[in-house]
**Q** 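Handing you a structure now.
The structure displayed is predicted, hence computed values, not measured ones. Read the numbers this way: they start at 1 and go in the same order the structure lists the ligands and their atoms.
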Amino acid sequence: MAEFTMELNEEQREVRDWLHGFAADVIRPAAAEWDEREETPWPVIQEAAKVGIYSLDFYAQQYFDPTGLGIPMAMEELFWGDAGIALSIVGTGLAAVGVLANGTEEQIGTWIPQMYGDQNDVKVAAFCSSEPDAGSDVASMRTRAVYDEAKDEWVINGTKTWATNGGIANVHVVVAVVDPELGSKGHASFIVPPGTPGLSQGQKFKKHGIRASHTAEVILDNVRVPGSCLLGGKEKLDERLARAREKAKKGGERVKNAAMATFEASRPAVGAMAVGTARAAYEVALDYATTREQFGRPIIDNQGVAFQLADMRTQIDAARLLVWRASWMAVNGKPFTAAEGSMSKLFASETAKKVTAQAIQILGGNGYTREYPVERMHRDAAIYTIFEGTSEIQRLVIARTLSGMPIR
Ligand SMILES: Cc1cc2nc3c(=O)[nH]c(=O)nc-3n(C[C@H](O)[C@H](O)[C@H](O)COP(=O)(O)OP(=O)(O)OC[C@H]3O[C@@H](n4cnc5c(N)ncnc54)[C@H](O)[C@@H]3O)c2cc1C
């Protein structure tokens with residue numbers, strides 16, 4: 001087990017500085033343009049692919065860093081650059097992790113390269129779980145996958161929504177119901193290969209923030225995929241369903257499901273994105289407060305401004321520590337007995353919302369315009385309290401974990 005340390009080692013510092021350079025030189029200068037265009041920043045993704053940031057290898061390297069700090073450090077730097085562009089760069093990772101977590105070696109080898117494409121022809125991937133009537137309440141998912149034994153094919157029907165890269169992805173990973181009796185335990189994930197008939201993009205959403213990241217509905221109309229596209233394979237699914245049915249028969253047994261453990265491990269990464277956005281806004285505010293003069297002195301000379309900055313920085317550092325703790329726990333297989341992963345996401349995302357609002361206040365009228373980046377950062381920050389489980393759901397998970405009670 002890696003010792004917990006608050007100091008990055010030499011290799012991590014090198015990677016951090018390299019990412020920071022990319023965020024400062026390539027991502028940040030492009031942020032306002034792609035926010036206005038509300039389009040996927042393909043040229044920036046391509047740049048990221050060229051230098052090796054947009055690749056499975058890079059994420060795998062960070063993911064397997066034994067200190068657990070590789071991913072949060074990478075997320076913080078990229079999202080410091082710009083949240084919308086960074087999400088376009090890391091969004092494919094969400095689908096890739098779905099395959100890595102549940103797929104066979106053959107599926108990983110076949111599909112993950114197609115998710116990223118190559119530096120001359122970059123591709124993206126989408127992870128489609130949410131539905132119009134199944135957001136926080138994942139168990140009420142309706143998209144159905146039925147096995148056609150004669151053809152060894154799965155037939156998928158339903159409507160997914162809010163899918164990052166939905167419809168523009170080369171590879172879609174779709175979660176669907178295979179046994180409606182079993183609630184969320186009756187779900188399975190499928191690869192929908194490029195060009196599969198029946199999959200189409202529905203509405204593309206015009207959003208409040210992270211506008212450089214494409215978010216859309218995905219319609220699945222009699223989509224047929226080969227049996228080999230069921231992640232993990234049929235045998236494993238049948239075994240898992242049999243176990244779930246057995247447990248359901250015994251009645252009411254509270255099962256700590258594997259999905260919850262996965263969320264605890266993945267949520268700190270979202271917390272780290274929020275820390276990146278919060279830090280970016282704080283830095284702009286600090287710089288502005290020391291240079292902007294009113295009443296013949298820099299505005300930071302006033303405690304009313306200086307104390308805000310002191311609180312902002314304190315909260316950002318506290319958020320980072322919660323994120324690092326949870327990431328270290330995840331990589332070292334520590335049980336999340338107090339839902340520490342959810343805690344880190346909750347605190348960091350609420351901090352990002354608060355800090356970016358304070359940054360607007362410190363910049364006064366300038367903060368409210370698109371001449372300065374903090375209004376964009378504030379719009380972007382609002383997503384962190386919504387996706388990967390809203391703040392209310394994080395509180396629910398934490399409270400249930402602490403109390404052992406089925407709090408509603
Ligand atoms: C930009 C963006 C990108 C996204 N990307 C993806 C993606 O790539 N793939 C994907 O599958 N999904 C994605 N999502 C979906 C996201 O995960 C959901 O929006 C989120 O889970 C919330 O679901 P909902 O929007 O249906 O809200 P709802 O679940 O309808 O919640 C509405 C409100 O009710 C509250 N609420 C609900 N239940 C409870 C409760 N039990 N107790 C207290 N409060 C409660 C919520 O906290 C929230 O405030 C994305 C969303 C957005 C906006």
**Q** Please tell me if atom 36 (N) of ligand 1 is touched by the protein, where touching means a protein heavy-atom distance below 4.0 Å.
**A** no
**Q** With Arg325 as the cation and Trp328 as the aromatic partner, state whether NZ or CZ is under 6.0 Å from the six-membered ring centre and within 45° of the axis.
**A** no
**Q** Please check whether Phe127 reaches ligand 1 - meaning an N/O of the residue sits under 3.5 Å from an N/O of the ligand, judged on distance alone.
**A** yes
**Q** Among protein heavy atoms, which sits nearest to atom 39 (C) of ligand 1, and what does the distance come to when rounded to 0.1 Å?
**A** Ile393 CD1, 4.0 Å
**Q** Between Ser130 and ligand 1, does any nitrogen or oxygen pair lie at a separation below 3.5 Å?
**A** yes
**Q** Give the atom numbers and elements of ligand 1 that come within less than 4.0 Å of a heavy atom of Ile383.
**A** 1 (C), 2 (C), 52 (C), 53 (C)
**Q** Out of Ser391, Gly98, Gly135, indicate the one that has the non-hydrogen atom closest to atom 26 (O) of ligand 1.
**A** Gly135
**Q** Among protein heavy atoms, which sits nearest to atom 27 (O) of ligand 1, and what does the distance come to when rounded to 0.1 Å?
**A** Ser136 OG, 4.3 Å
**Q** I'd like to check the side-chain hydrogen bond (donor to acceptor under 3.5 Å, both in side chains) partners of Asp221; sequence neighbours left out, ordered by chain and number.
**A** none
**Q** Before accepting this row, confirm whether a basic side-chain N of the pair Glu350/Lys353 lies closer than 4.0 Å to the acidic partner's carboxylate O.
**A** no
**Q** Using a 4.0 Å cutoff against the non-hydrogen atoms of Glu392, which atoms of ligand 1 qualify?
**A** 43 (C), 44 (N), 46 (C), 47 (O), 49 (O)
**Q** Quick test: of every protein heavy atom, which one is nearest to atom 4 (C) of ligand 1, and how far off is it to 0.1 Å?
**A** Trp162 O, 3.0 Å
**Q** Should you measure from each heavy atom of Thr390, which atoms of ligand 1 turn up under 4.0 Å away?
**A** 22 (C), 46 (C), 47 (O)
**Q** Give yes or no for whether the N/O distance cutoff of 3.5 Å, strictly under, is met between Lys207 and ligand 1.
**A** no
**Q** Which protein heavy atom lies closest to atom 20 (C) of ligand 1, and at what distance to 0.1 Å?
**A** Ile386 O, 3.6 Å
**Q** Hey, is atom 30 (O) of ligand 1 under 4.0 Å from any protein heavy atom?
**A** no
**Q** Given 3.5 Å as the limit, does a donor-acceptor pair link the side chain of Glu77 with the main chain of Gly276, or not?
**A** no
**Q** With side chain to side chain donor-acceptor pair (under 3.5 Å) as the test, pick out the partner of Ser342 among Glu264, Arg400, Arg395, Glu388.
**A** Glu264
**Q** Which residues pass the salt bridge (Lys or Arg N to Asp or Glu O under 4.0 Å) test with Arg13, not counting sequence neighbours?
**A** none
**Q** Is it true that Glu375 and Arg370 make a salt bridge, defined as a side-chain N closer than 4.0 Å to a carboxylate O?
**A** yes
**Q** Hey, is Arg320 close enough to Glu76 for a salt bridge, meaning N to O under 4.0 Å?
**A** yes
**Q** Please report whether atom 15 (C) of ligand 1 has a protein non-hydrogen atom at a separation of less than 4.0 Å.
**A** yes
**Q** Taking both backbone and side-chain atoms of Thr164, is any N or O found less than 3.5 Å from an N or O belonging to ligand 1?
**A** yes
**Q** Taking the six-membered ring of Phe263 as reference, does the NZ or CZ atom of Arg267 fall below 6.0 Å from its centre and within a 45° cone about the axis?
**A** yes
**Q** Are any of the N or O atoms of Thr161 closer than 3.5 Å to those of ligand 1?
**A** no
**Q** So which heavy atom in the protein is nearest atom 42 (N) of ligand 1, and how far is it from that ligand atom?
**A** Leu396 CD2, 4.5 Å
**Q** Do ligand 1 and Glu131 have nitrogen or oxygen atoms that lie under 3.5 Å from each other?
**A** no
**Q** Ring of Tyr147, cation from Lys234 - is the NZ or CZ under 6.0 Å from the centre and inside 45° of the axis?
**A** yes
**Q** Hey, is atom 33 (C) of ligand 1 touched by any protein heavy atom at less than 4.0 Å?
**A** no
**Q** Strictly below 4.0 Å, N to O, side chains only: are Arg142 and Glu131 in salt-bridge contact?
**A** no
**Q** Any salt bridge linking Asp82 with Arg28? Criterion: basic side-chain nitrogen under 4.0 Å from a carboxylate oxygen.
**A** no
**Q** By number and element, which atoms of ligand 1 are closer than 4.0 Å to a non-hydrogen atom of Ile210?
**A** 1 (C)
